[in-house]
Amino acid sequence: MSDKKQIKLNIDGTEVVVDKGTTILEAAQKANIDIPTLCFLKDINEVGDCRMCVVEVEGRRGFATACIQEVEEGMVVRTHTPAVMESRRTTLDLIISNHNRDCLTCTRNGNCELQSLCVKFNIQSVEFEGERTKHKIDDKSPSIVRDFNKCILCRRCVATCKKIQGIGAIDCINRGFESCISTVGDRSLNDVNCTFCGQCIQSCPTGALKEKESINEVWRKLKDPDVYTVVQTAPAVRVALGEEFGLEIGTNVTGKMITALKRLGFDKVFDTNTGADFTIMEEGNEFIERLNNNGVLPMITSCSPGWVKYCEMNYPDQISNLSTCKSPHQMFGALIKSYFAKKQNIDPSKIFVVSVMPCIAKKFEIQRNNMQGVEGYNDVDAVITTRELARMIKQGNITFDQLEDSKFDNPMGEATGAGAIFGTTGGVMEAALRTVSEELTGKSFQNIDYTAIRGEEGIKRAIVNIGDKEIKVVVASGLANAQKIMEEIKSGKADYQFVEIMACPGGCVMGGGQPIKNSKIRATVDVRKLRADALYTADEKSKVRKSHENPVVKKVYKEFLEKPGSKKSHELLHTSFEKREKYKLK
């Protein structure tokens with residue numbers, strides 16, 4: 001029972017009891033009464049701008065805006081009177097009168113909140129036809145395409161970029177009919193302080209924001225008999241892909257995903273979790289070296305490209321704190337084009353590596369400097385998101401939910417539970433500590449669950465005792481939280497030794513390339529927890545849960561890399577970072 005004062009009200013003839021401070025929208029949701037919204041995004045954009053959620057309150061003139069109006073004792077609310085319904089239809093008419101209505105060719109067709117409302121209200125024609133604003137399409141960045149002709153000025157992307165990520169790369173510019181969401185100087189997202197995290201895409205109710213697709217390029221390579229195609233899949237992808245085919249949120253579809261990829265025609269299907277195990281070996285060794293030899297501390301993880309770009313732009317003096325390790329899929333790509341190519345006697349120039357990622361910043365990452373192996377080939381040739389893979393599966397006429405399960409290919413198909421939890425906030429830190437603890441002490445531990453750094457909090461701090469060493473760690477997800485930690489480090493107030501930062505709130509499971517959930521689902525379902533729990537379950541069920549015990553990892557080091565931190569390892573698996581300007585002049 002809540003300690004707050006209880007408020008009793010009536011909504012459409014149903015008596016509802018809620019806590020004081022509850023909005024009409026929240027009270028209606030409790031009573032399973034649907035009130036439509038467009039601009040509303042729980043805890044992020046609660047401004048009442050779109051006017052779709054208007055209701056009538058007995059005894060009051062005009063309409064109340066349900067998403068921001070708090071309930072009062074004895075309030076009588078009506079959500080679908082003729083006047084309310086007419087107001088909502090008029091609002092929809094006005095919005096779509098200035099909207100690019102190419103729904104059939106839009107990437108959000110079937111998952112568009114504006115489209116769903118037009119269906120719900122039976123909008124079959126546009127009453128207020130007239131002049132439309134016309135805007136250029138910004139597709140300059142490697143990660144995000146921005147088409148303002150589909151924007152409805154809900155400002156959900158703006159609020160997400162400002163409040164959740166602390167970036168403020170976009171805002172509303174101009175006035176009146178010319179109002180639009182853009183950047184400083186109306187530049188491309190590629191030329192401003194955007195980190196390509198893609199959280200704006202997740203917040204957008206329409207197709208105004210989307211990832212830059214690589215599907216056609218991948219199809220061309222799959223059809224080319226002279227190209228050897230290898231695909232690798234990130235841990236977060238397998239616990240979200242099923243949602244694109246009607247399965248419950250958090251369903252682990254690893255086996256079906258592998259089968260689908262093989263049917264699409266990939267020559268080899270590998271697991272990025274294996275790459276994560278290599279990352280732990282290199283990152284763990286690097287941390288121990290810094291810890292024991294007065295290296296730069298705290299060491300900060302570098303596997304989130306959105307976070308790395310943010311650091312390069314905002315904290316260039318702290319770049320030396322970043323681990324020099326490449327991210328898991330980049331490491332794995334480098335090994336595929338070197339160790340794997342040699343073992344299979346394949347010319348690396350013929351290998352095309354595709355990474356299926358929950359992250360659109362990975363599209364930017366593969367173009368960075370120093371992301372090539374010793375042979376000079378790009379580690380990874382193309383990145384597709386979870387959503388793009390789902391589209392390819394549908395294009396391939398594959399009935400996903402009826403597929404049999406398959407296993408990842410050998411000789412590099414084995415991964416550990418440690419690699420699996422990379423997909424959620426705190427997972428990289430926990431996986432690293434499992435290996436670091438045993439390397440530092442020379443002992444094997446049975447209790448390897450570091451629960452203090454799990455959970456939904458944006459910042460999690462802990463002290464880990466390893467032998468005679470006390471290691472202070474912190475985990476942050478979401479760039480606004482990253483800023484708090486970086487300010488502590490910059491000011492000298494923090495004495496952490498190890499820091500994990502992920503650009504996306506909740507980690508990769510909530511990446512910008514994951515299936516998009518509408519505002520109602522986001523308000524009522526903890527999507528992050530369901531996906532993360534599936535990864536922790538996969539870890540618990542794994543036969544091997546420590547990266548340094550992975551047989552594939554042991555074999556590759558023995559036959560090829562020698563040891564973590566070796567010259568060969570640095571040539572292939574490590575990189576460097578650079579100061580970046582926030583804004584580029586035209």
Side-chain angles (χ1 to χ4, degrees), residues 1-92 113-114 116-117 119-122 154-156 159-160 163-164 202-203 205 243 248-250 455-458 478 505-506 510 516-533:
M1 191 74 176
S2 173
D3 294 331
K4 293 183 179 180
K5 180 181 177 181
Q6 299 289 286
I7 301 292
K8 185 184 293 184
L9 70 157
N10 187 288
I11 305 178
D12 293 341
T14 299
E15 187 176 280
V16 186
V17 179
V18 294
D19 291 341
K20 181 178 173 62
T22 301
T23 64
I24 294 174
L25 179 63
E26 292 170 327
Q29 288 172 341
K30 183 178 179 180
N32 294 316
I33 295 171
D34 181 57
I35 296 176
T37 63
L38 263 180
C39 70
F40 175 79
L41 206 56
K42 184 173 173 59
D43 299 328
I44 299 174
N45 200 49
E46 301 177 352
V47 293
D49 279 350
C50 74
R51 307 296 293 171
M52 280 303 300
C53 68
V54 295
V55 295
E56 286 188 345
V57 177
E58 191 173 276
R60 296 188 184 182
R61 295 178 59 186
F63 297 120
T65 310
C67 71
I68 56 175
Q69 176 66 59
E70 293 186 0
V71 299
E72 297 176 5
E73 183 65 36
M75 180 182 275
V76 177
V77 179
R78 296 185 179 89
T79 71
H80 56 273
T81 65
V84 166
M85 299 297 283
E86 182 59 28
S87 173
R88 292 174 183 163
R89 282 186 60 89
T90 300
T91 296
L92 273 178
E113 294 181 43
L114 177 63
S116 295
L117 285 175
V119 172
K120 182 174 184 176
F121 284 87
N122 196 31
C154 68
R155 293 173 172 80
R156 280 161 47 165
T160 297
K163 296 180 182 179
I164 304 303
Q202 289 287 334
S203 298
E243 297 164 26
E248 292 184 2
I249 297 171
E456 62 185 25
E457 296 84 3
M510 299 302 290
I516 296 171
K517 299 302 176 189
N518 65 44
S519 59
K520 293 188 186 301
I521 292 175
R522 292 176 62 158
T524 56
V525 178
D526 191 343
V527 178
R528 182 213 63 82
K529 185 177 187 302
L530 291 172
R531 291 173 180 169
D533 284 350

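What's counted below: heavy atoms across the whole structure, side chains too, no hydrogens, waters or symmetry copies. Just so you know, residue 1 is the first one in the sequence shown, and it goes up from there.
- Put simply, the side chain of Thr91 does not reach to within 4.5 Å of the side chain of Val54, judged on heavy atoms.
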Checklist entry - What's the verdict on side-chain contact (heavy atoms from CB on, under 4.5 Å) for Leu9 and Val18, showing C-alpha distance, side-chain angles and the deciding distance? => result CA-CA 8 Å; Leu9 70 157; Val18 294; 4.0 Å; yes
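- Contact detail for Ile68 and Gly48: the closest heavy-atom pair is CG2-N, 4.1 Å.
- The only option from Arg88, His80, Glu86 that meets the side chain to side chain contact (heavy atoms under 4.5 Å, CB included) definition with Val84 turns out to be Arg88.
- Closest heavy-atom contact between Ile24 and Ala64: CD1-CB, 4.5 Å.
- Atom-to-atom distance recorded for Gln6:CD and Asp19:CG is 5.0 Å, nearest 0.5 angstrom.
- Atoms CD and NZ, on Gln29 and Lys42 in that order, are 7.5 Å from each other to the nearest 0.5 Å.
- For the pair Thr23 and Ala66, the tightest heavy-atom approach, listed with the atom from each and the gap, is CB-O, 3.5 Å.
- Summarising the local packing, NZ of Lys120 is surrounded by more than 12 heavy atoms from other residues, nucleotides or ligands at distances under 6.0 Å.
- More than 12 heavy atoms of other shown residues, nucleotides or ligands fall within 6.0 angstrom of atom CD in Glu73.
- Note that CZ of Arg51 and OG1 of Thr37 are 14.0 Å apart. Values are rounded to the nearest 0.5 Å.
- Distance alone, capped at 3.5 Å, places no donor-acceptor pair between the Ser87 side chain and the Ala83 backbone.
- Side chain of Asp12 to backbone of Ile33: no donor-acceptor contact under 3.5 angstrom is found.
- By the 4.5 Å heavy-atom criterion applied to side chains, Met510 and Gln202 are not counted as neighbours.
- In this structure, CZ in Arg78 is found 8.0 Å from CG in Asn10, a value given to the nearest 0.5 Å.
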Checklist entry - Is there a side-chain contact (heavy atoms from CB on, under 4.5 Å) between Asp49 and Cys154 once you walk through the steps? => result CA-CA 7 Å; Asp49 279 350; Cys154 68; over 6 Å; no
Next on the checklist: Please evaluate residues Leu92 and Leu114 with respect to the criterion side-chain contact (heavy atoms from CB on, under 4.5 Å), reporting the C-alpha separation (whole Å), side-chain torsions for both, the decisive distance (0.1 Å), and the verdict.
Outcome noted: CA-CA 8 Å; Leu92 273 178; Leu114 177 63; 3.8 Å; yes
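- With contacts defined as side-chain heavy-atom distances shorter than 4.5 Å, the pair Val77/Val16 does not qualify.
- A donor-acceptor contact shorter than 3.5 Å links the side chain of Asn45 to the backbone of Cys39.
- Considering all non-hydrogen atoms of both residues, Val527 and Ile521 come closest at CG2-CG2, 4.2 Å.
- No side-chain heavy atom of Leu25 sits less than 4.5 Å from a side-chain heavy atom of Glu46.
- Met52 is listed as a side-chain neighbour of Leu117, based on a closest heavy-atom distance under 4.5 Å.
- Within the model, atoms CG of Asn518 and OG1 of Thr524 stand 8.0 Å from one another, a figure rounded to the nearest 0.5 Å.
- Counting only distance, with no hydrogens or angles, the side chain of Arg156 and the backbone of Ile44 share no donor-acceptor pair below 3.5 Å.
- The main-chain N or O of Arg522 is never found under 3.5 Å from a side-chain atom of Lys517 such that the two would form a donor-acceptor pair.
- Rounding to the nearest 0.5 Å gives a distance of 8.5 Å between CD1 of Ile7 and CD of Glu72.
- The pair Glu113-Lys520 does not count as a salt bridge, with every side-chain nitrogen at least 4.0 angstrom from each carboxylate oxygen.
- Side-chain N or O atoms of Lys30 include one that pairs as donor or acceptor with a backbone N or O of Val17 at under 3.5 Å.
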